[in-house]
2 protein chains.
Amino acid sequence: MQSSTSTARPGRPRSAAAATAILAATREALVEVGWSKLTLGDVATRAGVAKTTLYRRWSGKNELVVDAVAELFDELELPDRGSLAADIEGVVLQFVAILARPEAKSGLMAVVAESTRDDALRERIRRSIVDRQKRLVLQGRSRAQKRGELPPETDPEEAARTADLIFDVVAGAVVHRTLVSAEPADEEWVRSFTRVLLLGLTGDS
Amino acid sequence: MQSSTSTARPGRPRSAAAATAILAATREALVEVGWSKLTLGDVATRAGVAKTTLYRRWSGKNELVVDAVAELFDELELPDRGSLAADIEGVVLQFVAILARPEAKSGLMAVVAESTRDDALRERIRRSIVDRQKRLVLQGRSRAQKRGELPPETDPEEAARTADLIFDVVAGAVVHRTLVSAEPADEEWVRSFTRVLLLGLTGDS
DNA sequence: CCATTACGCTACGACTCGTAGCGAAAGCTC
DNA sequence: GAGCTTTCGCTACGAGTCGTAGCGTAATGG
């Protein structure tokens, strides 16, 4: 019996422009001052809104940064490059490019760190970042199966577990290389990584 | 002409017991309140020392947490389990166990996040955590080569690059599984991961 | 036109920060 | 032991941030 999907709330609607400005200002502040010194008051000033507006929409710094960072990862896509190896290399290079941006580096790792003590935050990260990008793994696998590069999966549950594993290996390796080892994930590194991922340590062509 | 290695400073020496108590108190605080709400005043109280003592020894929260967390990783070792696969599974399980501890989770990720904007901090992390554990990769490879499981390396530079790659893949995958995906890295997962690492995605036995 | 909600602004107590200054303690050298 | 040096515990401080409350105004829908 509802007219539409809860969009029909009375009163003045929230400004969409404000949301855009706030998230952009958050990323700007992440670049300039980093996560630990980022204050909501500063973000509000940069965005040209009142501090109270910020608190009305987000419960705290963590939630705000998650939303600001999540937008960065939505540009990932998986163009068909003809082979599984080329597909992997392509998407990994995109991921590397995103992680090279300072707002992604400091923001992402910080909220992940905070999420170890905050279940709601972890769930927010999972929904808005992690699960959204797992599609790339599924897409790549299905393409490789059509090409005959990978065998079709038999057990669907096993297939889901493998997809999760691949996602952790790929994303984890890139993040670790970029942030912890802090060395460039250039094309050469991506090629080596892809080779190991496809052939393993023992399988040298 | 120095009596010993710069240990011969005049004046009252710094209490070694205080350092131990401070680092332990830091880990305790990481468990109870997490990184963002951890205050140096609280740590000082827990350790039973004055806040000023803390500031005399560490320049800030980041440096303190790095030292407190670094001690956790020193217990990693690589017992000879007879095969490369078994060796990898063993050390990965140890790593998983350490990362399961809340003080390791929140502390490590937080300082890594901060290090994206602080070169000195990144170098401190590298020296006290990352490089210290790369020995495990080198040790495992050399053992596998003696067993004939891996070919001897030809180019030493290429060998170093590969070792770095392996380290990023292993550590990154475990960290991502544990912290970002936030799902258990149990024995079954470790077995699957080891299989992919050794045989690759294509190589199914 | 009226109810309802969002907005901008100001002000507030509570808290943490990092530092300074002090007297006392604990080592070394002579 | 005397004297020097450095650390330690304690107290106090201004500066800055936190998250919230209160108010008048702006923008929607019925």
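Naming: A, B, ... by sequence-line order, numbering from 1 per chain. Heavy-atom basis, side chains included; hydrogens, waters and symmetry copies ignored. For clarity, every value in this text was computed on a predicted model and none was experimentally measured.
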Among [options], the one nearest [X] by side-chain distance:
X     : options                : value
B:T39 : C:dG8, D:dC18, C:dT16  : C:dT16
A:P10 : C:dT4, D:dA27, D:dG9   : C:dT4
A:Y55 : D:dG19, C:dG27, D:dA12 : D:dG19

Which heavy atom in A:V69 sits nearest to a heavy atom in A:E103, and how many Å separate them?
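Taking every non-hydrogen atom into account, CG2-O, 4.0 Å.
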What is the distance, rounded to the nearest whole Å, between atom [atom1] of [X] and atom [atom2] of [N]?
X     : N      : atom1 : atom2 : value
B:R56 : C:dG18 : CZ    : P     : 15 Å
B:R57 : D:dT6  : CZ    : C1'   : 12 Å
A:L54 : D:dT20 : CG    : P     : 12 Å
A:L40 : C:dG8  : CG    : P     : 15 Å
A:K51 : D:dG22 : NZ    : C1'   : 14 Å
A:L38 : D:dG16 : CG    : P     : 17 Å
B:K37 : C:dC17 : NZ    : P     : 14 Å

Select base, sugar-phosphate, or nothing to describe what A:T52 touches, counting heavy atoms under 4.0 Å on all strands.
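If one applies the 4.0 Å heavy-atom cut-off, A:T52 turns out to touch a base.
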Any donor-acceptor pair, under 3.5 Å, between the side chain of B:R14 and the base of C:dG27, if you only look at N and O atoms?
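No such pair is found, so the answer is no.
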Give a yes/no answer on whether the side chain of B:R12 brings an N or O atom under 4.0 Å of OP1 or OP2 in D:dT5.
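Looking at the OP1 and OP2 atoms of D:dT5, neither is under 4.0 Å from any side-chain N or O of B:R12.
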[X] with [Y]: basic N within carboxylate O range, under 4.0 Å:
X      : Y      : answer
A:R46  : A:E32  : yes
A:E123 : A:R126 : yes
B:R124 : B:D118 : no
B:E114 : B:K61  : no

Any N/O pairs under 3.5 Å between the protein and nucleotides 13-15 of chain C? List them or say none.
none

Starting at the 5' end of DNA chain D, which residue's closest nucleotide do you reach first, B:A50 or B:G11?
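Checking each residue's closest nucleotide, the 5'-ward one belongs to B:G11.
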Can you tell me if A:E75 and A:Q94 form a side-chain donor-acceptor pair at under 3.5 Å?
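No, no side-chain donor-acceptor pair sits under 3.5 Å.
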Could you tell me if A:R147 and A:Q145 have a donor-acceptor pair between their side chains, going purely by distance under 3.5 Å?
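No - no donor-acceptor pair under 3.5 Å links their side chains.
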Name the residue closer to the 5' end of DNA chain C, choosing between A:S15 and B:S59 according to the nucleotide with the nearest heavy atom.
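Taking each residue's closest nucleotide, the earlier one in sequence belongs to A:S15.
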